[in-house]
Protein chains: 2
Amino acid sequence: MTIEDAGTAPARRTTLADVARQAGVSTALVSLVMRGAPGASPANREKVFRVARELGYVPDSRARALRQGRSQLLGVMFHVQQPFHADVIEGVYEAAEAAGYDVVLSAVTDSRSEDKAIGTLLADRCEAVILVAPQSSREWLAEVGGRLPTVVLVRHVRHPDLSVVRAADMKGLGLAVDHLVGLGHRRIVHVDGAGSPSAEQRRRGYRAAMARHGLEPRIVRGGWAEINGSQAVEQLLSEDDLPTAILAFNDPCANGVLSTLHRSGISVPEEVSVIGFDDTHLAGFSHIGLTTVRQDAGQMARMAVGRAISLIERKDDPEVHRDGVVVPDLVVRGTTGPCRQ
Amino acid sequence: MTIEDAGTAPARRTTLADVARQAGVSTALVSLVMRGAPGASPANREKVFRVARELGYVPDSRARALRQGRSQLLGVMFHVQQPFHADVIEGVYEAAEAAGYDVVLSAVTDSRSEDKAIGTLLADRCEAVILVAPQSSREWLAEVGGRLPTVVLVRHVRHPDLSVVRAADMKGLGLAVDHLVGLGHRRIVHVDGAGSPSAEQRRRGYRAAMARHGLEPRIVRGGWAEINGSQAVEQLLSEDDLPTAILAFNDPCANGVLSTLHRSGISVPEEVSVIGFDDTHLAGFSHIGLTTVRQDAGQMARMAVGRAISLIERKDDPEVHRDGVVVPDLVVRGTTGPCRQ
DNA sequence: CTGTTAGCGCATTCAA
DNA sequence: TTGAATGCGCTAACAG
């Protein structure tokens, strides 16, 4: 035993062969029984199950996949600190299970890049990947799309190898602006998503809606996290140029906006109205419920899984090559009110 | 082609053999080069890399694991809607990578039980599992622990087959109560975690601290989610028996408490002080920053990974069999203030 | 109904 | 420094 392998051998797990030997039958029979396939006598079926349970046998999913030539695996890349992504994951698990696929998650964190997250998904031999709000370049996404069926969620990108599911961002921002204008607001600022996925579309939707109402747009740099909303408000305060309403890029960003407004003694919605985007399940619980543009995570997840499977199974579904657009709606809660200026 | 397999064949991926053939060398050589092992000429190394890149070759992690007899995989079961778990995951990825292990995540959702989440981890042949705040019975956890190295995070459970990493919950609740008493509060209610992991310890910590100060404890049923905090406050309001301070089970629960207090026109901290537990990265952004008991997710993640690896590699580390206790500290922000009654 | 055989993609002897 | 052979745990095709 060399230093390299000293004590690094994990215990061997029970295999199908162990069960077969113990039950006094062939491995093929055990395989049949474990898969619930027909072709085994009730007596043997019973016996195999009993021995498997006694031995604590769990089939090795990797060996099975290797042999079958397919993994039945859907890979999901997501950002671990995004509450909205958690909502999507719930939906993906549900839809994938219903379709007979397993799910493998690969998280993006501060110390784990999207490249790495996607790389492990490839190494796991996923049959398709669902990328939730990827920030990678269009070129890299296209390359992934060229390698295996790829569904991009919550990001605008047009490429023949990429199937896109997203919300109608422009429509969503339009709803938000209309709501605020209806409340008498004219000085409406958009704290944007900077380089985040779909940030550009939301900027466009904001600009278009403002133009429609003959209002002057103003965009302040934000981002997808709380801290970005917080910093944006600090900047507005330092310029002594606070608007009467703020449209945040998403719910976490809106939370940051609210937090800093509150800390600065500015009341919401009396002095400033705030709107988010996503309708994360947390949005309703931000002390005052957050008025926000809702995009249905469950519906998007189901669409994404459906498309992924269509691509895997080469169903000639033309829909797959069009953007799957989910229509958002405005959820009015407590952070918006009439303009008092 | 039968109906069963119609169009269900996913495209074949590039294999090591493809690279070998294309590069005009043996598969063994390609294997060496891809693993960065010594024993190949610079020229060949170069050539193999080039061909691999051209063909878009990614090693099959399952085949590799199967052959090596070990997966180098750490399984993590977590609850997808818990922000604190996201913080833990960040730390686990970092620590695992540093130790040369890969991580496989298995989420618990409304429609996906802990049993199922752990089952897939077993089928994936993880060498150890880290269970974050498991709610399963002690018996089932022990059974898992009997099958493979198991580290339980954020839950009190004593069993020879389970390695535990947790915060000093009693200490944490003590800090919170002391802080409130120091501010003059006497009617302090604990909105508990009901059957959640470590809820019992936190109840105990609360009771002990209240007794120390000669105060009457009062516990209202809560839970780990926003809705539970919200409902608890509704109950207190309906009984017209609002305390001057509320200790919530965790941050999301505290958020629900704050939300409903605000909706009911009760000001924080003027009329009621509120304290959470966890110090999720969101806590600082709840409009008024949430005063909370901090447990260091990164530190706990590092401990958990260290223990998991010790167990896998059979290092005789006696620490592994003792509870790994992380000392919490109180982070005072804006939701606590002097008692005005 | 049951057992035997072959091979999925890879890493690892061992020989050349 | 390189290549041919072997087997990880499992399933699919076939033979009995």
Side-chain angles (χ1 to χ4, degrees), chain A residues 2 4-5 8-48 52 55-73 122-127, chain B residues 2 4-5 8-48 52 55-73 122-127:
Chain A
T2 66
E4 268 74 23
D5 63 8
T8 56
R12 207 182 67 83
R13 300 273 267 281
T14 307
T15 73
L16 191 147
D18 296 331
V19 177
R21 200 177 316 113
Q22 184 76 18
V25 296
S26 73
T27 57
L29 185 57
V30 177
S31 175
L32 284 182
V33 173
M34 294 310 293
R35 283 177 289 141
S41 67
N44 268 333
R45 194 172 290 275
E46 173 78 15
K47 195 200 310 178
V48 168
L55 267 48
Y57 171 67
V58 177
D60 184 325
S61 65
R62 299 162 310 155
R64 172 179 286 182
L66 189 59
R67 170 63 234 222
Q68 289 186 326
R70 59 176 306 189
S71 63
Q72 301 256 56
L73 234 41
L122 291 174
D124 285 342
R125 289 296 184 269
C126 294
E127 296 182 16
Chain B
T2 66
E4 268 74 24
D5 62 8
T8 56
R12 207 181 66 83
R13 299 273 268 282
T14 307
T15 73
L16 194 149
D18 296 330
V19 177
R21 199 177 317 114
Q22 183 76 17
V25 297
S26 72
T27 57
L29 182 58
V30 177
S31 174
L32 284 182
V33 173
M34 293 310 294
R35 282 176 289 141
S41 67
N44 269 334
R45 195 171 288 275
E46 173 78 16
K47 195 201 308 181
V48 167
L55 267 47
Y57 171 67
V58 177
D60 184 324
S61 64
R62 298 163 310 160
R64 172 178 289 181
L66 191 58
R67 169 63 233 217
Q68 291 187 150
R70 58 176 307 189
S71 63
Q72 301 257 53
L73 234 39
L122 292 174
D124 284 341
R125 289 297 183 270
C126 293
E127 297 182 16

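Here the structure is a predicted model, which means the values were calculated and not measured.
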_Give me the atom names and distance for the closest heavy-atom approach of A:Thr15 to A:Tyr57._
C-CE1, 3.5 Å

*Could you pull out all residues at least two apart from A:Gln72 that satisfy side chain to side chain donor-acceptor pair (under 3.5 Å)?*
A:Arg70

*How does DNA chain C read in dot-bracket, base by base from 5' to 3', with Watson-Crick or G-U pairs under 3.5 Å and | used when the partner is on another strand?*
|.||||||||||||.|

*Provide, to the nearest angstrom, the distance between the CZ atom belonging to A:Arg13 and the C1' atom belonging to D:dC8.*
15 Å

*asked:* For A:Ala123, is there any backbone N or O sitting under 3.5 Å from a side-chain donor or acceptor partner on B:Ser61?
replied: yes

*Rounding to a whole Å, what distance do you find between A:Arg21:CZ and D:dG9:C1'?*
12 Å

_Under 4.0 Å, heavy atom to any atom of DNA chain C: which of residues 28-37 of chain A qualify?_
A:Ala28, A:Leu29

*Can you tell me how far P of D:dT11 sits from CG of B:Leu66, to the nearest Å?*
12 Å

*Mind checking whether B:Leu16 and B:Ser31 have side chains closer than 4.5 Å, heavy atoms only?*
yes

*Of B:Ser26 and B:Arg125, whose nearest nucleotide on DNA chain D comes first from the 5' end?*
B:Ser26

*For the residue pair A:Val48 and A:Val19, what are the closest heavy atoms and their distance?*
O-CG1, 4.2 Å

*Considering only heavy atoms of chain A and a distance under 4.0 Å, specify the first and last nucleotide of DNA chain C in 5' to 3' order that meet this criterion.*
C:dC1 to C:dC10

_Non-hydrogen side-chain atoms of B:Gln22 and B:Leu55 separated by less than 4.5 Å_ = yes

*Rounded distance (Å) that lies between atom C1' of D:dC8 and atom CZ of A:Arg64*: 16 Å

*Decide yes or no on side-chain contact (heavy atoms from CB on, under 4.5 Å) for B:Asp18 and B:Arg13, but give the supporting numbers first.*
CA-CA 10 Å; B:Asp18 296 330; B:Arg13 299 273 268 282; over 6 Å; no

*Is there side-chain contact between B:Val25 and B:Val30, with heavy atoms separated by less than 4.5 Å?*
yes

*Please report the closest heavy-atom contact between A:Ser71 and A:Arg125, naming both atoms and the distance.*
OG-O, 2.6 Å

_Is B:Gln68 close enough to D:dC8 that one of its side-chain N or O atoms is under 4.0 Å from OP1 or OP2 there?_
no

Enumerate, atom names and distances included, each donor-acceptor pair closer than 3.5 Å involving a side-chain atom of residues 38-47 of chain A, sequence neighbours excluded.
unit_1	atom_1	unit_2	atom_2	d
A:Ser41	OG	A:Asn44	N	3.2
A:Arg45	NH2	A:Ala37	O	3.0
A:Lys47	NZ	A:Ala23	O	3.4

What are the atom names and distances for every N/O pair under 3.5 Å that joins the protein to nucleotides 14-16 of chain D?
none

*If you round to the nearest 0.5 Å, how far is CG of B:Asp60 from CZ of A:Arg62?*
10.0 Å

_Distance check, rounded to the nearest 0.5 Å: A:Leu32 atom CG versus A:Thr27 atom OG1?_
9.5 Å

_Any side-chain N or O of A:Arg67 below 4.0 angstrom from OP1/OP2 of D:dG9?_
no

